[in-house]
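Treat the numbers as computed from the prediction; the structure is a model and nothing was measured. So you know, we letter chains A, B, ... as the sequences are listed, proteins then strands, and number each from 1.
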Amino acid sequence: MAKIEIQNLSKDFETPSGILHAVRNASLTVNDGEVVVIIGPSGSGKSTMLRCVNGLEKPTLGHILIDGIDTTDPSTDIRKIREEVGMVFQSFNLFPHLTVLDNITLSPVKVRKMDKKEAEELAISLLRRVGLEEKAKVHPTQLSGGQQQRVAIARALAMNPKAMLFDEPTSALDPEMIKEVLDVMLQLASDGMTMLLVTHEMGFARAAADKVVFMDKGEVIETGRPEEMFTSPKSPRTQDFLNHIL
Amino acid sequence: MNGNSIDEQIKAEALRQRVVSKDPNAPKAGQPTINMTDGVLIPKKGEKHVLTSWRLTFFGAIILSAVLIVLFPDPYRTIFVTCLRGLPVTFEVTVFSIIGAVIIGTFTGLGSVSKHRWINMICGVYVELIRGIPLLVQLIFIYYAVGSLFHVEGIIAAIFSLSVCFGAYMGEIVRAGIQAIPKGQMEAAIALGMSRSQAFRYIILPQTVKVILPAIGNEFISMLKDSSLVSVLSLEDILRCGRMYISRTFLSLETMLVVALIYLMITLILSRLVGLLEERLHKNG
Ligand SMILES: Nc1ncnc2c1ncn2[C@@H]1O[C@H](COP(=O)(O)OP(=O)(O)O)[C@@H](O)[C@H]1O
Ligand SMILES: [Mg+2]
């Protein structure tokens, strides 16, 4: 398992209307086996921060350490980092031209050079874990949103990651499918996976999170244990946000 | 349902929108397709009027040909037989050139979306150059250039020229096809530890093929028509067979009518085939 340290991270985007500070001097630590939930209004830089962790975005300033290895160091092989940090997206991003089984086995086979048979056995066992064993041979378009997201989680797990990032994994789902995905995530958390997620499922945060981080306008405003954060937040901005969503 | 609960639903939905970020990489609804403005209309089941006009034209051409051959066997039967001798050359040039164009187009398309500045530039210049010069001029120029550098048969030089000319347009189709694939696909592949080239090979290109297949079908039809230009390179395709016949018999109008009918019928058959292919693709995806 792994430890993720985000130190004084800033990320600017150049837009036609000038420079946009998506993340400003944000720091947070996810210890080995911890579950950390990031909350905050839309556009507050949550996704950008998550994407910086596995190098989908290049940080403008600051450092990101995974198990003490600085991913922003030019000599670090960012691809090795990505192999070890799984990511689950809001829009699932399954590969529509491949079967569920091939979605899961592709990366282990092509990147990890795993034997095809071995990868398929691994895929089946992961599908069993997310309750979709019987869907191995179908294409993702034939699955419901909740099923697709569970396959996406299995696909990320097939690389045997040390940590997992989730970016609003249930936001694109119909309400009746949210639970099946959250159940898989809860199971993963109780198995001791290091998880950094953006979600507004407060039930999940209460049940599984060690820490909740509130972000607004690119800044980390407040960090705390879920029960403290939800009942007595220190910052008025956190209070205001929670009043709206709770 | 009472007013209160509707009110709450609206409030809940408004909050959901405030809190939930829009995923910028989410795929757009519906299947991406590339629309061509040039060339013949592709008749599909859904579009009644196109299909009707296709039928009218196609059966009109067949009936007219039959009438000419049956009622005026002299000279029309001979003209048909003579012109159809060019059919193998026309098809050969078309098929091999489209294969060449697809290969060149794939590299050009990949080059246009490449992260390397100078590769971008080379592909861009190639496309601009080809688009800015009349096809006939390019064809003759490349034909003579290839001919003076290498000792190759006329048909090889012709295929090479057409491939280079159509490769630029094909490159634009491939580029548009690649860009039609949702960005999330590349990101998911990268996040799984794949390199960019692995992502292209296993994720992006297989999906691009599906998106651009109809457009390639369209290019095939254009290629078949434009292959008539190789008749100036002394290749005996349909058009040249017709023109040679004219120089012997001076039956210009009659011969060109037959040449036109032959091209029209082939083109219409191909466009229907492309339409059927598109329908099948939609059913499977
Ligand atoms: N690739 C990008 N280019 C330009 N601006 C971006 C890009 N990605 C995100 N942004 C901007 O950065 C800000 C933070 O976005 P994001 O991290 O997606 O927020 P959140 O996930 O909290 O909703 C937003 O204003 C968004 O428009
Ligand atoms: Mg987001």
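Not a single donor-acceptor pair under 3.5 Å links the side chain of A:Arg82 to the backbone N or O of B:Ala191. In this structure, A:Asn93 contributes its side chain and B:Gly184 its backbone to a donor-acceptor pair below 3.5 Å.
A search for side chain to side chain donor-acceptor pair (under 3.5 Å) contacts involving A:Lys217 returns nothing, not counting sequence neighbours.
Side-chain contact between A:Phe95 and B:Leu192 is present, with at least one heavy-atom pair separated by less than 4.5 Å.
Counting non-hydrogen atoms of other residues, nucleotides and ligands closer than 6.0 Å to CZ of B:Phe58 gives a total above 12. Residue A:Glu14 qualifies as open at atom CD: its count of foreign heavy atoms under 6.0 Å is 12 or below. Applying the 6.0 Å contact sphere to CZ of B:Arg201 captures no more than 12 heavy atoms from other residues, nucleotides or ligands.
Taking CG of A:Leu56 as the start and CE of B:Met186 as the end, the distance is 11.0 Å to the nearest 0.5 Å. Taking CD from B:Glu187 and OG from A:Ser91, the interatomic distance works out to 8.5 Å, rounded to the nearest 0.5 Å. Interatomic distance, A:Asn54 CG to B:Ile190 CD1, rounded to the nearest 0.5 Å: 10.0 Å.
If you measure heavy-atom distances from A:Arg155 to chain B, the contacts under 4.5 Å come from both the backbone and the side chain. Within the 4.5 angstrom heavy-atom criterion, only backbone atoms of A:Leu94 (N, CA, C, O) approach chain B. Heavy atoms closer than 4.5 Å to chain B are found nowhere in A:Val198, neither backbone nor side chain. Only the side chain of A:Glu168 has a heavy atom closer than 4.5 Å to any heavy atom of chain B. If you measure heavy-atom distances from A:Lys46 to chain B, the contacts under 4.5 Å come from the side chain alone.
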Side-chain donor-acceptor contacts of residues 103-112 of chain B below 3.5 Å, not counting sequence neighbours, with atom names and distances?
from, atom 1, to, atom 2, distance (Å)
B:Thr106, OG1, B:Val102, O, 2.6
B:Thr108, OG1, B:Ile104, O, 2.7
B:Ser112, OG, B:Thr108, O, 2.6

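Between chain B and the residues A:His97, A:His139, A:His200, A:Glu83, the most heavy-atom pairs under 4.5 angstrom are made by A:His97. Across A:Gly86, A:Ala156, A:Pro108, A:Pro96, the residue that shares the most heavy-atom pairs under 4.5 angstrom with chain B is A:Pro96. Interface check for chain B: of the options A:Met87, A:Met159, A:Lys110, the most heavy-atom pairs under 4.5 Å are formed by A:Lys110.
Among A:Val109, A:Asp102, A:Leu98, A:Leu106, the one residue that satisfies the side-chain contact (heavy atoms from CB on, under 4.5 Å) test with B:Tyr202 is A:Leu106.
Residues B:Gly193 and A:Arg79 approach most closely at O-NE, 3.2 Å, considering heavy atoms.
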